[in-house]
Amino acid sequence: MNIIIFGPPGAGKGTQAKYLVNKLNSFQVSTGDMLREEIKKNTSIGKNIINNMNEGKFVDDEIVNKLLENVIFDPNKMNKLIFDGYPRTIDQAENLDNLLNKSNQKIDFIFFLNVKKDSIIKRIQKRKILEKRSDDDEETILKRYDTYMDVTKPVLDFYSKKENYHEIDGSLEIDNISQKIAQILNV
Ligand code: AMP
C-alpha cells in the first residue's frame, strides 16, 4: 500500500507517517529528512539547498525529484511507501505519477491533515524546542505556511477530486488522528 500524507508544515504529517510505518511495516519517504541529511553530510546538493531551506523556501523540483527516484525503484520498498512532504508542486505530482507508472505502482490512499494557521504555529514552536530545528523560527514558520498554501494547494485540489482522498481534522489529538486513518485503511 502506498500512501500520501498532505498537510501544512507542523500538521503532524511526520508523526502520522511514523505511525503508519510501524502499523503497515512500510517506509517513510520524507523529502524534508532527505534534504536535511544532504545538508548534514555537506554534499554538493546540501550546499546548493541550504539557503532555500533556511529561508523556508522550496527546494528546486529537479533536486527533489532526483532524490525520489532511488526510493521508488528500491525493490524492498515497493508498495510500502508513505510519502510525507512530497509531492508539493504540480511538477512533483507529475513526476511521482510517472515514476509510479514506470515501476508498476500506484497511490492507494491520500490523506490531508487540515489544520488552521494558529494551531500550526503553536505546534511548530513546541517542536523547535524539542528538536532544535534551525528552520523553525517564527518568521520562517509563517513563510513555510504561506509557501505551502500558495504552491501546494493546487496539488491538493488536484488530488482532492480522487476517490481515495480523505480529509482529516489535523487539530485533533495525535492518537485520534491515527485512529481515523486506521479506520479508513481498515487496518
Ligand atoms: P519538511 O520537513 O517536510 O517540513 O520540509 C522542510 C523543508 O524542506 C521545506 O520547508 C522545504 O524547504 C524543503 N522541502 C521538503 N520537501 C520538499 C519538497 N517536496 N519540495 C521542495 N522542497 C521541499
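As the structure lists them, so they are numbered: ligands from 1, and atoms in each ligand from 1. Every heavy atom of this structure was used, including side-chain atoms; hydrogens, water molecules and symmetry mates were not.
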Does an N or O anywhere in D33 fall below 3.5 Å from an N or O of ligand 1?
no
#### Entry: Heteroatom proximity flag, D84 to ligand 1, N/O under 3.5 Å
no
Logged contact type for V59 with ligand 1, heavy-atom cut-off 4.0 Å, is both
Ring centroids only, cut at 6.0 angstrom: are F6 and F111 within range, meaning strictly under it?
no
Do any nitrogen or oxygen atoms of R88 come within less than 3.5 Å of a nitrogen or oxygen of ligand 1? yes
Discussion item. Quick check with a 6.0 Å cut-off and a 45 degree axis cone: is K80 positioned over the face of F27's six-membered ring?
Written reply: no
The complete set of salt bridge (Lys or Arg N to Asp or Glu O under 4.0 Å) pairs with one or both residues in residues 151-166, sequence neighbours excluded, reads K153-D157
Run the contact test for R36 against ligand 1 with a 4.0 Å cut-off on heavy atoms, strictly below, and give the result. yes
The atoms of ligand 1 lying under 4.0 Å from a heavy atom of Y86, numbered in the order shown, are 19 (N)
Discussion item. Can you confirm whether the side chains of Y86 and N95 place a donor and an acceptor under 3.5 Å from each other?
Written reply: yes
- Looking only at side chains, do S30 and Q28 share a donor and an acceptor under 3.5 Å apart? no
Quick note on ligand 1: atoms under 4.0 Å from a heavy atom of M53 include exactly 7 (C), 8 (O), 12 (O), 13 (C)
Can you find an N/O atom of G85 closer than 3.5 Å to an N/O atom of ligand 1?
yes
Open item on the list: Would N52 count as being in polar contact with ligand 1, using the rule that some N or O on each side must be under 3.5 angstrom apart?
Closed with: no
Review point. Is there at least one pair of N or O atoms, one from R144 and one from ligand 1, spaced under 3.5 Å apart?
Key: yes
With a 3.5 Å cut-off and sequence neighbours excluded, list the donor-acceptor pairs that the side chains of residues 179-187 form with protein atoms.
none

For V64, the atoms of ligand 1 under 4.0 Å from one of its heavy atoms are 18 (C), 19 (N), 20 (N), 21 (C)
